[in-house]
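Scroll down for the structure; my scribbles are underneath it.
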Amino acid sequence: MSAPTETPAADGVPAVAPAGPRCPSHRPIRRLLVANRGEIAVRVIRAAHELGIETVAVYSEADRKALHVRMATFARCIGPAPSKDSYLRADVVLAVAKETGADAVHPGYGFLSENAGFAQQVIDAGLIWVGPPPFSIQAMGSKTESRARMAAAGVPVVPGTVEPLRSLEEAITVAAEVGYPVMLKAAAGGGGKGMRRVMSADALPEAWRAARGEALSSFADDAVYIEKLILEPRHVEVQVLADAHGNAVHLFERDCSVQRRNQKVIEETPCPVLSAETRSAMTAVAIAATRAVAYEGVGTCEFLYGADGSFYFLEMNTRLQVEHPITELVTGFDLVQAQLRVAMGEPLWITQNDLQQVGHAIELRIYAEDPANNWAPSPGPVPSYREPTGPWVRVDGAVYAGSEVPIYYDPMVAKLAVWGVDREAALQRADRALREYRVRGIQTSIPFFRAILLDPDFRSGRYSTAFLDPERMSRLIEAMPPAQPEVAAIVGAIAAYDRDLARAAAPQARAAGRDPWKWSLR
Amino acid sequence: MSSHPTLQYNVGVGDLHQRLSVRLIATAPDGTRTYGLRVAEGPERLVEVSRPEALVMNLLLDGRSVEAGAVPQGDGYLIDVDGVNHEVSVVDPRKAALRAGAADGAAAVRTQMPGRVVRVLVEAGAAVSKGQPLVVVEAMKMENELKAPRDGVVARLLVSAGDLVEGKATLVELA
């Protein structure tokens, strides 16, 4: 699950949903500025070009050779490599949009995508914001506000208190109301500090003291609140789509329980353990949440799904989701084109009955990290690259032979998504695609995925957000495809031999003072 | 037909250290080459290699088709075999002797990955003990401490805070 973020009220964003009809007149987009980089910028550019829309790429000084720059109709440098000096510069992005004659801005995910103030500035500049209204972003951006709002709309939230508890007596009362097991959490907390699981009432006094003490020493604030502890939860989310005319549909669920350090690693749809009844209830709740904040465009409602079949609203992501491709694969519905058409004011051209979940899709996030080396970042040049292709294999990436993974940004370099007629077929296809995949020059999560696909608990579909615990992590690292040192040694010797033979045959290079032998000795 | 030299290499892959001798036996019109390979004093093994793309070899090893990439890196190559990466050091034994003489007793502290130097924790001339953090390098929002591989004195400090460094770059030399 993604970390909850507290969004401060942004200037100029209305505090309530604007009254009156939300139906704007139809405004075509002719030139779209894509305020992002990497694979998602490429994805948005593709959708725009399919709709006959020109694109403006923005890029940092580290991204001049990036694929999104090469693919766009126009491109502008917006500053130095660090994102705070480029991709997060709302003022520069807006100025470039005006200068280049763009009539719309697509934020992708991350960066400025959930910045209500930026969305408002885009709208105030007379441009189309390809995303939900700033009001909706704001309403869902604050954890406490969205929770209160959802509870009022009848959406189930994890039972507990939002306000800190004052005394042990109050904690005992609240815990009894919520029902054991419960979790004590430091109000100022994060990173597991000041958190205590409490399985029964007799353990509460001790846990109360411990959590408060830890909260005080870690955050200089001993405020603690209580939440019901959901045992072995799964992270299941529902994709929604709403237009500006009051129509809303859902595009079923995605299971994103396979996570490492709260970072999604694998997503699949359908969720392997969701019953038809629960799916129906969960998607209905997602539509209710969508309507409660006057939502427009694509969005995602995240739920905790307990082993007992209960589910609770976590938060709404008011943007295109990284893992949207698997929804596209099982529904045949293009979510990014839909974003653009809804932003142009088009009423939804499909109804709920038109949407069906066909087959099974799975996405594996390819990270530039070294699983065998404690997941150390592995940026750098990728001089050689081969993507898997063939039947029902899709790669959303921004890597090519000769590209470079910069040190400044997210380590996710590509997403491999496959479709199969059922889950087993999808898993087999995922394994085949991983065997074809070559990202040379850097380390990636590919060998780790090959190990996960063989894990019996993953194959059975019975896993929770605790799946990648430390013990399983080390087992999976052990189970990665084995090295073949003898073959690698032969390849190394032949590569060195060819290099030396070529150097011996090119004496002019030495005469020119660029002695490759000398160079190799440095 | 011109004859090609036989060259020897000390090849290291993890725990495996081998002396391999290589000679080119034949080159086909399409560029496919046949090599003779010998591990130490063992029997010669024939390997047929085509190079379908830059940095990529397709080997026929006793009929088995193996695709491998070899990206030059440091003292050797980053080599993938069936999608699994191997860090391979390849040294000409004659040059290895030269180098050993030149770098006698010195120890280089290198970064494994490219990144930005966040902090330098020692000064030139300082005495350091094994395991002591020397430099902190950041990449992709993660900080990595580089530690002294042994006791010694900081002979050369090659970076300062804020510098961008390449993967495998030497940051500190210990005497």
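Keep in mind that this is a model prediction, so the values were computed, not measured. Just so it is clear: chains get the letters A, B, ... in the order the sequence lines come, proteins before strands, and each one is counted from 1. Atom set for the values below is all heavy atoms of this structure, side chains included, hydrogens, waters and symmetry mates excluded.
Residue B/L24 touches chain A through both its backbone and its side chain, counting heavy-atom pairs closer than 4.5 Å. For A/R435, no part sits under 4.5 Å from any heavy atom of chain B, backbone or side chain. With a threshold of 4.5 angstrom between heavy atoms, A/L434 does not approach chain B through any atom at all. For A/E436, no part lies under 4.5 angstrom from a heavy atom of chain B. Only the side chain of B/R64 comes within less than 4.5 Å of a heavy atom of chain A; its backbone N, CA, C and O stay farther away. A/I446 does not touch chain B: none of its heavy atoms, backbone or side chain, sits under 4.5 Å away. For chain B, the nearby part of A/P482 is the backbone; its heavy atoms alone come within less than 4.5 Å.
Most heavy-atom pairs under 4.5 Å with chain B: of the set A/A483, A/A368, A/S378, A/P481, this distinction falls to A/A483. Ranked by heavy-atom pairs shorter than 4.5 Å toward chain A, the options B/V81, B/V49, B/V11, B/V47 are led by B/V81. Put simply, of B/L55, B/N85, B/V88, the one with the most heavy-atom pairs under 4.5 Å next to chain A is B/N85. When the candidates B/H86, B/Q8, B/R33 are compared by the number of heavy-atom contacts under 4.5 Å with chain A, B/H86 comes out ahead. Ranked by non-hydrogen atom pairs under 4.5 Å with chain B, the options A/L501, A/D498, A/D410 are led by A/D498. The candidate from A/I494, A/V405, A/V439 with the greatest count of non-hydrogen atom pairs under 4.5 Å with chain B is A/I494. Listed options B/P5, B/S89, B/A54, B/G14 were ranked by heavy-atom pairs under 4.5 angstrom with chain A; first place goes to B/P5. The candidate from A/P447, A/G441, A/A372 with the greatest count of non-hydrogen atom pairs under 4.5 Å with chain B is A/G441. Annotation: maximal heavy-atom pairing with chain A below 4.5 Å, among B/L61, B/D82, B/V90, occurs at B/D82.
When all heavy atoms are compared, the tightest approach of B/L20 to A/A493 is CD1-CB, 3.7 Å. The two residues A/S384 and B/V56 come nearest to each other via the heavy atoms OG-CG2, 3.6 Å.
One finds the OH atom of A/Y497 at 10.0 Å from the CG atom of B/L37 (value rounded to the nearest 0.5 Å). Taking CG of B/L78 as the reference point, atom CZ of A/R440 lies at 10.0 Å (rounded to 0.5 Å). We find the CG-CD distance between B/L16 and A/Q484 to be 12.5 Å, quoted to the nearest 0.5 Å.
At most 12 heavy atoms of other shown residues, nucleotides or ligands fall within 6.0 angstrom of atom CD in B/E166. In this structure, B/R51 places its CZ atom where more than 12 heavy-atom neighbours from other residues, nucleotides or ligands lie under 6.0 Å away. Remark: A/R475 CZ is packed, more than 12 non-hydrogen atoms of other residues, nucleotides or ligands lying under 6.0 Å away.
In terms of modelled atom types and a separation under 3.5 Å, the side chain of B/N144 and the main chain of A/A376 share no donor-acceptor contact.
For the side-chain contact (heavy atoms from CB on, under 4.5 Å) with B/V66, the lone residue among A/V491, A/V487, A/I490 that qualifies is A/V487. Each of A/P379, A/P406, A/P381 was compared with B/P114 under the side-chain contact (heavy atoms from CB on, under 4.5 Å) criterion, and only A/P379 meets it.
Pairs passing the ring pair (Phe, Tyr, Trp, His ring centres under 6.0 Å) check and including a residue from residues 48-84 of chain B, sequence neighbours excluded, do not occur.
Listed by chain and number, the residues in a ring pair (Phe, Tyr, Trp, His ring centres under 6.0 Å) with A/Y437 are A/Y385 (sequence neighbours excluded).
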Could you check B/E67 against A/R386 for salt bridge (charged side-chain N to carboxylate O under 4.0 Å, His left out), going step by step and ending with a plain yes or no?
CA-CA 12 Å; B/E67 186 118 325; A/R386 185 180 72 186; 3.5 Å; yes
